[in-house]
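Note sheet for the following structure.
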2 protein chains.
Amino acid sequence: MATDFTERTVEYDKLLADFKTLLKEKALKFTNQREKILETLYYSQEHLTPEALHQLIKEKYPELNAGIATIYRTLSMLEDNNIVSSLSFGAQGKKYELGAKDHHDHMICTKCGEITEFVDEVIETQQHKIADEHGFKMQDHSMQIYGICKTCQEQQ
Amino acid sequence: MATDFTERTVEYDKLLADFKTLLKEKALKFTNQREKILETLYYSQEHLTPEALHQLIKEKYPELNAGIATIYRTLSMLEDNNIVSSLSFGAQGKKYELGAKDHHDHMICTKCGEITEFVDEVIETQQHKIADEHGFKMQDHSMQIYGICKTCQEQQ
DNA sequence: TTAGATAATGAGAGTGTTTATCAAGCCTTA
DNA sequence: TAAGGCTTGATAAACACTCTCATTATCTAA
């Protein structure tokens, strides 16, 4: 446990340092709001909507008085710089997660909304192959599997 | 050509008949608006936004005076009954298409917004395999490849 | 350390999309 | 054909997100 926490802290410190470097490169400023947004995204295990992220930050740092516009602005900026990635979720808007991890896809439970991540090499390579066959210059991809998760199946 | 048209008409007639049956089963009514929406979706080769669908119907059937609310309501109903499926398109909203066709995935050009459909057996089977491995009861899935299409690459 | 330049912020107005409300109208079927 | 109840169009409202702008905070160079 102690080890996990330490590793986690070290990993976050690296993320933060990289973030600062990026800001400097682009002549952007390192603000309290940006720091707390990155931190909250990092320590949250979930995929967050801008609204949910806003709530979390208001609860933990009420004195920051962070506005929702700043959340949106920062998430956009983080996404443009490939630090976070977003997942479109039908009409319910977007959810964001730190994207510094390895690429992965999502399995979404249509009952409880839980999102499970997975990585599959066969699919990764196949996607590149398909894009190539169509003369398509692939930039990104996303795949979602919708269904009922194990827990929800058992509850019936 | 004549053959194509005939086949197409026959196929649409079947779709329409099935739709009527569904409505009857659910004690819903067969209205002019619902018919024109289904028809327009069927004869359109494109993935349509609710707004675009509304425009098409206003142009072709001005006397219907169809309201945008009806378009949304009908698309929802059709989607709930697996007659159409929608494709979330980031911040730009949703696009709808008839879902009675074979399953397929999408390749989306981030420059011009063009959507190309494709079917890939390797991916289809792999998806089932992944869901099984996670004890997930798969209901549906969607995959999008984002990138620059051939035409847009050539224009640069 | 300080001051000036300028990026970033919060509040709130604005925008575009989707949904809810409700009175009037249309479909079904008896 | 007439009644009942589902549908509709118009419009208000909810929602997600973006823009504007005056004020505040950050960075840097002296």
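Residue numbering restarts at 1 for every chain, and letters A, B, ... go by the order of the sequence lines.
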Measuring from atom OG1 of A:Thr40 to atom CG of A:Leu98, what distance do you get when rounded to the nearest 0.5 angstrom?
10.5 Å
Going by atom types only, do A:Glu51 and A:Gln55 share a side-chain donor-acceptor pair under 3.5 Å?
yes
Could you work out which one of D:dT18, D:dG9, C:dG10 sits closest to the side chain of A:Tyr72?
D:dT18
For B:Gly135, does its backbone N or O pair with a side-chain atom of A:Gln153 as donor and acceptor, under 3.5 Å?
yes
Please state how far atom NE2 in A:His54 lies from atom C1' in D:dC15, giving the value in whole angstrom units.
16 Å
Donor-acceptor contact below 3.5 Å, side chain B:His128 vs main chain B:Met138
no
Protein-nucleotide distance (B:Lys36, atom NZ; D:dT8, atom P), rounded to Å
14 Å
Rounded to whole Å, please give me the gap between CG in A:Leu48 and P in D:dA16.
15 Å
Over how many whole Å does the gap from A:Tyr61 atom OH to C:dG10 atom P extend?
15 Å
Value in whole Å for how far the P atom of D:dT8 lies from CG of B:Leu64:
10 Å
According to the interplanar angle, ranging from 0 to 90°, do the rings of B:Tyr43 and B:Tyr12 count as parallel (below 30°), tilted (30 to 60°) or perpendicular (above 60°)?
tilted
The helix from C:dT1-D:dA30 to C:dA30-D:dT1: angle between end helix axes, five pairs per end, rounded to 10 degrees
30°
So B:Glu51, base contact, sugar-phosphate only, or nothing? Heavy-atom distance under 4.0 Å.
nothing
In B/S/- notation (B base, S sugar-phosphate only, - none; protein heavy atoms under 4.0 Å), nucleotides 20-30 of chain C written 5' to 3' is BB-----BS--
Give the rounded distance in Å between these two atoms: NZ of B:Lys26 and P of D:dT7.
12 Å
Phosphate oxygens OP1/OP2 of D:dA25: is one of them under 4.0 Å from a side-chain N or O of A:Gln33?
no
Mind calculating the distance between OH (A:Tyr96) and P (D:dA16) to the nearest angstrom?
13 Å
Nearest whole angstrom, please: distance from the C1' of D:dA16 to the NZ of A:Lys94.
11 Å
Quick check on DNA chain C: between A:Ala27 and A:Asn65, whose nearest nucleotide comes earlier from the 5' end?
A:Ala27
Quick check: does any side chain N or O of A:Thr125 sit under 3.5 Å from a backbone N or O of A:Val122, one acting as donor and the other as acceptor?
yes
Do we see a donor-acceptor contact under 3.5 Å between the side chains of B:Ser76 and B:Arg73?
no
Looking across every strand, which nucleic acid part, if any, lies under 4.0 Å from A:Leu23 by heavy atom: base, sugar-phosphate, or nothing?
nothing
Under 3.5 Å, side-chain donor or acceptor atoms of residues 21-37 of chain A against the rest of the protein: list the pairs with distances, not counting sequence neighbours.
from: A:Thr21; atom 1: OG1; to: A:Ala17; atom 2: O; distance (Å): 2.9
from: A:Lys26; atom 1: NZ; to: A:Asn81; atom 2: OD1; distance (Å): 2.9
from: A:Thr31; atom 1: OG1; to: A:Arg34; atom 2: N; distance (Å): 3.2
from: A:Arg34; atom 1: NH1; to: A:Lys29; atom 2: O; distance (Å): 2.8

Take the angle between the ring planes of A:His106 and A:His47 and call it parallel below 30°, perpendicular above 60°, tilted in between.
perpendicular
